[in-house]
Student: 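Handing you a structure now.
Since we're looking at a predicted model, the values are computed, not measured.
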Amino acid sequence: FDRGCWAINYTFPDNFLFGTATSSYQIEGAWNESGKGENTWDWYTHNYPERILDRTNGDIACDSYHKYEEDIKLLKELGVDFYRFSLSWTRIFPSGFPNNVNYEGINYYNKILNLLAANNITAMVTLFHWDLPQRLMELGGLTNPRFIAFYTEYARTAFEFFGDRVKYWLTFNEPFQTCMFSYGDTRLAPALGMSGIADYLCGHNLLKAHAAAYHLYNTTYRSKYEGKIAISISAEWFEPNNTYDEAAADRVRQFWYGIHMHPIFSSEGDYPEVVKEYIATQSSLEGYKRSRLPQFTPDEINYIKGTSDFMGLNHYNTYLATNASSTSLETSYYNDIQASYWLSSSNMEDSDTARIVPWGFRKLLVWVKNTFNDPEIFVTENGYYDFGDIDDRGRISFYGQYLEALLEAIYIDNVKVIAYTAWTLMDNFEWNLGYEYKYGIYYVNFTDPDRPRIPKSSAYFIKNVIGNRTVVSYDRVV
Ligand code: GBH
């Protein structure tokens, strides 16, 4: 079917919100300026440049540390309701430990928050988007239970200084990527590669730290500031490869995001049964005396349950999944799942449209609604990579179709989707993929020391969606 033009079937509800997102390490640069301390990404990219596709780093990135005024002009130009960005922990506490606040770091975020307010743009602030203080990493990072206390003090400081101007707080970006890719796998810093052990420890402490920050906000700051606080969980859609693969597909969903959603959003709390069961069985086969998945006490289950004012959801891709009984006794998260999965487009890697699977997004939204008592869903990321075209038709096609799927989820499936965030405002440091993969709706010239930003066709497209509150054909906007 022709996707050059969309039927204008639905308009976004009046109170529906639009925004774009970034994260500190990916855009700020100024890695050692104004008192900022070293974080895991500084350490990793400086010591292991070969681990990054193009051997680059975020030392300068988009230089948003110096160019935030221009960034906020872009946001104004787009007409967004809110801007999602993250705080760099080591700008605020250079060592990571919660003493000796670095006021230059505080000032930087004050300037951003004030300018956003002056422009009527609501601030959505992520406390942790992967740039962990390196000193805390040396203590085991999120696998150290003491992390919870350090994180809570960092959160308290952020609430104290910025709470009056922040309407939405996000405690963590993507527990799955944070734990499975940094601690289990070797894809993200510090690439520990202790799959099946460190990833579960990380997730366990992350959930407790999240709950601690939520309770702190709830008891001490909510009445004063009337903001909301939630977590962003990344959820790809897993479609059964065959009809008999439904159980396997659902198991993968539970292992990827049920493991972090269920403790917070289900009525009974705790990890999903299937996750507990599979890890316990596999652990015992591998000779462990107890499950590698740590256990919550009944008090902890209650402490974590219900600690999110809405569900922050990041979505990118659809995968196919099939049952796969592994006989390997090597300890690994992947063996625990007993299923295999692959990008639904992996056999058509170069085709733009093959990576665009809007029905997967819609199915995910319906699954979340049905699995977790119909929560309010705030889409905190959704986006598409290419290799840098200014006339980025592939990205427009992606956004158009995903926004239509979202409208169908709202109007046909009655899913409570309250907001949508495009990842990302501008091309930036894409972690292990360096600057080669681009997700921005603004182009950034990284060879120019001035880092000029130029709108891509998709920026005009998004501006029109926001302005018209409907998915407008791009033929009319480009
Ligand atoms: C998010 O991670 C992050 O929050 C954000 O910082 C990051 O820039 C953004 O996604 C884009 O990656 O699966 O082969 O199509 C989500 C994990 C991993 C999802 C890479 C998109 C694209 C490669 N992302 N993936 S592929």
Side-chain angles (χ1 to χ4, degrees), residues 174-177 179-181 183-188 193-197 199-200 203 233-262 266 271-286 291-293 313-372 382 384-385 398 401-402 405 409 413:
E174 303 186 338
F176 176 85
Q177 271 73 18
C179 295
M180 276 58 177
F181 287 171
Y183 294 79
D185 226 314
T186 53
R187 259 184 259 190
L188 298 176
M194 295 189 223
S195 190
I197 295 187
D199 37 16
Y200 298 139
I233 297 185
S234 63
E236 307 297 44
W237 179 247
F238 294 92
E239 179 72 5
N241 189 41
N242 289 295
T243 43
Y244 54 79
D245 284 324
E246 180 50 50
D250 203 59
R251 197 158 65 242
V252 184
R253 293 170 207 147
Q254 298 295 352
F255 266 88
W256 270 59
Y257 38 92
I259 190 170
H260 304 121
M261 287 177 177
H262 196 273
S266 69
Y271 294 119
E273 278 309 317
V274 67
V275 169
K276 288 196 283 187
E277 181 195 319
Y278 272 67
I279 299 175
T281 306
Q282 194 64 21
S283 299
S284 137
L285 288 172
E286 290 164 8
S291 177
R292 286 180 275 98
L293 181 71
L313 200 66
N314 293 359
H315 175 75
Y316 287 89
N317 288 116
T318 285
Y319 291 74
L320 296 174
T322 190
N323 190 58
S325 15
S326 162
T327 50
S328 162
L329 293 182
E330 190 193 325
T331 298
S332 149
Y333 166 80
Y334 299 99
N335 284 337
D336 290 339
I337 309 179
Q338 299 282 310
S340 61
Y341 46 86
W342 57 95
L343 267 181
S344 65
S345 57
S346 55
N347 53 345
M348 301 178 276
E349 209 52 78
D350 295 327
S351 159
D352 257 1
T353 45
R355 280 195 289 124
I356 303 179
V357 192
W359 56 260
F361 184 34
R362 184 172 164 195
K363 283 193 175 190
L364 170 73
L365 293 169
V366 171
W367 182 89
V368 167
K369 169 191 156 110
N370 294 337
T371 313
F372 299 111
N382 181 227
Y384 175 88
Y385 72 76
F398 175 93
Q401 294 185 56
Y402 277 65
D413 309 318

Student: To the nearest 0.5 Å, how far apart are CG in L293 and CD1 in I197?
Tutor: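 With rounding to 0.5 Å, CG (L293) is 11.5 Å from CD1 (I197).
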
Student: Taking all non-hydrogen atoms of both residues into account, name the closest pair between A321 and A249 and its distance.
Tutor: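 Looking at all heavy atoms of both residues, the closest pair is CB-CA, 3.8 Å.
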
Student: Enumerate the residue pairs fulfilling salt bridge (charged side-chain N to carboxylate O under 4.0 Å, His left out) with a member in residues 317-331, sequence neighbours excluded, ordered by first and then second residue.
Tutor: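 Pairs touching residues 317-331 that pass the test: none.
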
Student: Does R292 count as lying over the ring of Y200, i.e. NZ or CZ under 6.0 Å from the six-ring centre, within 45 degrees of the axis?
Tutor: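 So R292 doesn't make the cation-pi contact.
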
Student: Write down the atom of S325, the atom of Q338, and the distance for their closest heavy-atom approach.
Tutor: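 Here S325 and Q338 meet closest at CA-OE1, 3.2 Å.
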
Student: Rounded to the nearest 0.5 Å, what separates atom CD1 in I356 from atom CG in N317?
Tutor: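 Spacing of CD1 (I356) from CG (N317) equals 11.0 Å.
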
Student: Would you say the side-chain atoms of N314 and Y257 include a donor-acceptor pair closer than 3.5 Å?
Tutor: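 No - no donor-acceptor pair under 3.5 Å links their side chains.
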
Student: With a 6.0 Å cut-off on ring centres, are F181 and F176 close enough?
Tutor: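 Yes, the ring of F181 comes within the 6.0 Å limit of the ring of F176, centre to centre.
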
Student: Could you grab the distance from atom CD1 of I233 to atom NE2 of H260, nearest 0.5 Å is fine?
Tutor: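 The CD1 atom of I233 sits 7.5 Å away from the NE2 atom of H260.
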
Student: How long is the straight-line distance from CD1 of I259 back to CG of D336, given to the nearest 0.5 Å?
Tutor: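 Spacing of CG (D336) from CD1 (I259) equals 9.0 Å.
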
Student: Which atom names give the shortest non-hydrogen contact between Y402 and V357, and what distance separates them?
Tutor: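 Heavy atoms of Y402 and V357 come nearest at OH-N, 2.9 Å.
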
Student: Looking at W367, Y384, F361, which one forms a ring-ring contact (aromatic ring centres under 6.0 Å, His included) with H315?
Tutor: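 The passing option is F361.
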
Student: If I take atom CE from residue M180 and atom CZ from residue R187, how far apart are they, to the nearest 0.5 angstrom?
Tutor: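 If we round to the nearest 0.5 Å, M180:CE and R187:CZ are 12.0 Å apart.
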
Student: May I ask you to decide if the ring planes of W256 and Y341 are parallel, tilted or perpendicular, using 30° and 60° as cut-offs?
Tutor: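 Rings of W256 and Y341: perpendicular, as their planes differ by over 60°.
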
Student: Give a yes or no answer on whether the side chain of D199 reaches the backbone of G196 with a donor-acceptor pair at less than 3.5 Å.
Tutor: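 Pair found, side chain donor or acceptor close to backbone of G196.
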
Student: Under the salt bridge (Lys or Arg N to Asp or Glu O under 4.0 Å) rule, collect the residues that match up with R251, sequence neighbours excluded.
Tutor: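 For R251, no residue satisfies salt bridge (Lys or Arg N to Asp or Glu O under 4.0 Å) once neighbours in sequence are set aside.
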
Student: Strictly distance-based, threshold 3.5 Å: is any side-chain N or O of S284 a donor or acceptor partner for the main-chain N or O of A280?
Tutor: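 Pair absent, no side-chain N/O of S284 close to backbone of A280.
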
Student: Here's a test for you: under side chain to side chain donor-acceptor pair (under 3.5 Å), which of N335, T281, T331 qualifies with E286?
Tutor: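 One option only clears the test, and that one is T331.
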
Student: Is a side-chain N or O of Y333 found less than 3.5 angstrom from the main chain of F255, in a donor-acceptor match?
Tutor: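 Checked: pair present.
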
Student: Considering all heavy atoms of both residues, which atom of G193 and which atom of T186 are nearest to each other, and what is their separation?
Tutor: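 Minimum heavy-atom separation between G193 and T186: CA-CG2, 3.9 Å.
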
Student: What pair of heavy atoms forms the shortest contact from Y316 to N382, and how long is it?
Tutor: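 Here Y316 and N382 meet closest at CE2-C, 4.3 Å.
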
Student: Could you pull out the closest heavy-atom pair between W342 and T322, with the gap in Å?
Tutor: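 That would be CZ3-CG2, 3.7 Å.
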
Student: Is R253 reaching over with its side chain to a backbone N or O of G258, donor-acceptor style, under 3.5 angstrom?
Tutor: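 Not confirmed, R253 side chain does not pair with G258 backbone.
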
Student: At what distance, to the nearest 0.5 angstrom, does OG1 of T318 lie from CD of E236?
Tutor: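 Answer rounded to 0.5 Å: 7.5 Å.
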
Student: Is any side-chain heavy atom of L320 closer than 4.5 Å to a side-chain heavy atom of D245?
Tutor: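 SC-SC contact between L320 and D245 ruled out.
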
Student: Taking 4.0 angstrom as the limit, do R362 and E239 come out as a salt bridge?
Tutor: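 The answer is no: the pair does not qualify as a salt bridge.
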
Student: Any salt bridge linking D413 with K369? Criterion: basic side-chain nitrogen under 4.0 Å from a carboxylate oxygen.
Tutor: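 K369 and D413: not salt-bridged.
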
Student: Using 30° and 60° as the class boundaries, would you call the ring planes of F372 and H262 parallel, tilted or perpendicular?
Tutor: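 Taking H262 first and then F372, their aromatic rings stand perpendicular (interplane angle over 60°).
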
